[in-house]
Structures are given as structure tokens and as C-alpha cells.
Asks: 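Structure incoming, see below.
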2 protein chains.
Amino acid sequence: MRTLSHPARSDIELTAVFHALSDPTRLSIVRGLVGVDEQSCGALDIPLSKSTLSHHLKVLRDAGVTHTRIEGTHRYMSLRREDLDARFPGLLDVALKAA
Amino acid sequence: MRTLSHPARSDIELTAVFHALSDPTRLSIVRGLVGVDEQSCGALDIPLSKSTLSHHLKVLRDAGVTHTRIEGTHRYMSLRREDLDARFPGLLDVALKAA
DNA sequence: CCCATGGTTCGATGATGTGCGAACCTACGA
DNA sequence: TCGTAGGTTCGCACATCATCGAACCATGGG
């Protein structure tokens, strides 16, 4: 697998984003992404199996919340902040700021 | 049943709200509530059975998104705008404004 | 070339979620 | 008091989701 599929900005759906963020595990992944430019997928400190984690990352990716870049055997994740801010202004801020 | 249970403002959880809004039916219900002060539950123009509709309204209620007042045999629903704005500023605006 | 590493995919399983009809409850009106 | 109308709850079917281990794939190092 050379590339991973990401939805275009205009294809990001609100319900999909809400669903992606409605899981505590995924929400904490997203929060861990703020401030850091890129996060190695394997560096996540979450007590779940590789396959489960990969599934959550795919949900976030498919919803358009995150972008994953492949470099060698590593995947580097980042928030699609610009796309989300453009499409749903304020959404990300809400998700990140809430206690 | 004289009263319906609603979570206190401080008990409203972000993931629950996200989950409540991640369903297209529920999102459209919420959007139909904007502008109107109160909406009779039966006046919803949604092609679903009574029981299914009641279920969706309960999800919204339990998540703290809506408040339901009982008057006679009718239920009147309203958005908990103040509570949501206080707890998660901007969230409701995002859900309501997005195309 | 072989192996270890980082991740994805597959198949299965149990938990949730959505949907329905039927039965039920409660208030109102005749 | 009896029926009807507005909603809830129950029981069930079916779909989706979260989770895991095992198998798999690609890359980089020896």
C-alpha cells in the first residue's frame, strides 16, 4: 500500500465527523495531535491492539479528520485543521477545548 | 410518567452529544428546532414509526441536547441552547450552520 | 537474502444502535 | 365511563461497531 485514501475537503460530512469524534479513544487521539505537527501512529500511548488502533485511525481518516503520510514503514498522522476549519468552522476548537 | 429525566448541565458529555448528532435523522430534528421556541413531538415531519421517533428523541434528551416538557398528552421539545453554549461554546452553531 | 518492525486486512465475537409493531399508559373530550 | 390521541416501553430482527488474534505486506537493516 503506497497511499491511503482521504476524502476531499468538500466530501467531508458532518455526521461522519461527529461519529468519528463520538468515541473516547478517537477523541483522545485527536487531542494528542494538537500542537504536534505530526505524530507517528505507533507512538500512541493507548492500551489497544494494533488492529483496533489501526481501525480507529482509519475511521478518523475516512471521516476527513486526520491525514496520514507514509514514509518507509512509518505512518505520520496530522490533523486536517485547515480543511475542517474551512468546512465546519469552530468544530475542531470545540472538540479540542472541551474539558 | 409525569416527568422525563434530563442530565444536569455539568453532566452533559461531549462524546454523548457528538453521538447524538452523528445520526442524520437526529441532526435534522435538531435543525428543525432552531428558530421555533417549542416543537410538538408529533408535529415532526419524519417518515418513521412512533416508537423509532420516540427512541431518537430519548437519545437527544439523554445527551442533553433537547429538553422535553410534558403538557397533557403532548410533549414539547426545545433546544437546550444555553446549556450547550455554556458547556461547549460553538458546538450548536456548527451543527446548525453546516450545509 | 532473511529477518524484524510498523501497519493493514481478515474473520470472528460480543456489544450497541436502528427499526418496527404491539401493548401499554395517561390525559382529554364526549 | 368509554374511546381516542399522543407518547413510551417491550420484544425482536437486523445492521453497524469495537475489539482481538492471526495472517499478511512493505520497508529497511544485517
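Just so we're on the same page: letters track the sequence lines, and every chain starts at 1.
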Asks: Return yes if some donor-acceptor pair links the side-chain N/O of B:S22 with the main-chain N/O of B:H19 below 3.5 Å, else return no.
Replies: yes
Asks: Measure NZ/A:K50 against C1'/C:dG7 and give the value in whole Å, please.
Replies: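 My rounded result for the distance is 6 Å.
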Asks: Below 4.0 angstrom from OP1 or OP2 of C:dG7, is there any side-chain N or O of A:S40?
Replies: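 Yes.
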Asks: Using atom CG of A:L44 as one end and atom P of C:dG6 as the other, report the distance to the nearest whole Å.
Replies: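 A:L44 atom CG is separated from C:dG6 atom P by 13 Å.
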Asks: A:L4 side chain: which of D:dT19, D:dT9, C:dT8 is closest?
Replies: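 For A:L4, the side-chain atoms sit closest to C:dT8.
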Asks: Starting from P on C:dT18, measure out to CG on B:L60 and report it in whole angstrom.
Replies: 10 Å
Asks: Taking atom P of D:dC20 as reference, at what distance in whole Å does atom CD1 of A:I46 sit?
Replies: 12 Å
Asks: So B:L48, base contact, sugar-phosphate only, or nothing? Heavy-atom distance under 4.0 Å.
Replies: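 Contact class for B:L48: sugar-phosphate only.
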Asks: Sub-3.5 Å donor-acceptor pair from the side chain of A:R80 to the main-chain atoms of A:D85, do we have one?
Replies: no
Asks: State which of C:dT9, C:dT26, C:dT18 makes the closest approach to the side chain of B:D23.
Replies: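 Closest nucleotide among those given: C:dT18.
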Asks: Using side-chain heavy atoms (C-beta onward) and a distance below 4.5 Å, is A:L96 in contact with A:R81?
Replies: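 Answer yes - side chains close enough.
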Asks: May I have the distance from A:H55 (atom NE2) to C:dT13 (atom P), rounded to whole angstrom?
Replies: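 It works out to 18 Å between those atoms.
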Asks: Within the structure shown, what part of the strands sits under 4.0 Å from A:H56 by heavy-atom distance: base, sugar-phosphate, or nothing?
Replies: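 Sugar-phosphate only.
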Asks: Taking B:H6 for the side chain and B:T68 for the main chain, is one N or O donor matched with an acceptor at less than 3.5 Å?
Replies: yes
Asks: Considering only side-chain heavy atoms of A:H74, which listed nucleotide, D:dT27, C:dG7, D:dG7, is closest?
Replies: C:dG7
Asks: Give a yes or no answer on whether the side chain of A:R26 reaches the backbone of A:A20 with a donor-acceptor pair at less than 3.5 Å.
Replies: yes
Asks: Once you round it to whole Å, what is the distance between C1' of C:dG7 and CG of A:L53?
Replies: 10 Å
Asks: Is there a side chain to side chain contact (heavy atoms under 4.5 Å, CB included) between B:L44 and B:M77? Walk through the geometry before answering.
Replies: CA-CA 11 Å; B:L44 294 169; B:M77 240 191 326; 4.2 Å; yes
Asks: A:R61 side chain: which of D:dG6, C:dT8, C:dG19 is closest?
Replies: C:dT8
Asks: Tell me which of B:G72 and B:R26 sits closer to the 5' end of DNA chain C, going by the nucleotide each one is nearest to.
Replies: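 The residue mapped nearer the 5' terminus is B:R26.
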Asks: Please give, in whole Å, the distance from D:dA18 C1' to B:H19 NE2?
Replies: 13 Å
Asks: Is any side-chain N or O of A:S54 under 3.5 Å from a base N or O of C:dG7, one able to act as donor and the other as acceptor?
Replies: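 Looking at the base of C:dG7, it does not pair with any donor or acceptor on the side chain of A:S54 (distance under 3.5 Å).
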Asks: Quick one: on DNA chain D, does A:S49 or A:E71 contact a more 5' nucleotide (nearest heavy atom)?
Replies: A:S49
Asks: Under 4.0 angstrom, heavy atoms only, what part of the nucleic acid is A:L57 near: base, sugar-phosphate, or nothing?
Replies: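 Result for A:L57 = nothing.
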Asks: Take the protein atom CG of B:D62 and the nucleotide atom P of C:dT16, then report the distance between them rounded to whole Å.
Replies: 15 Å
Asks: Assess whether one donor atom and one acceptor atom, taken from the side chain of A:S51 and the base of D:dG21, lie less than 3.5 Å apart.
Replies: yes
Asks: Between D:dG7, D:dT19, C:dA27, which nucleotide has the shortest distance from any of its atoms to the side chain of B:T73?
Replies: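 For the B:T73 side chain, the nearest candidate turns out to be C:dA27.
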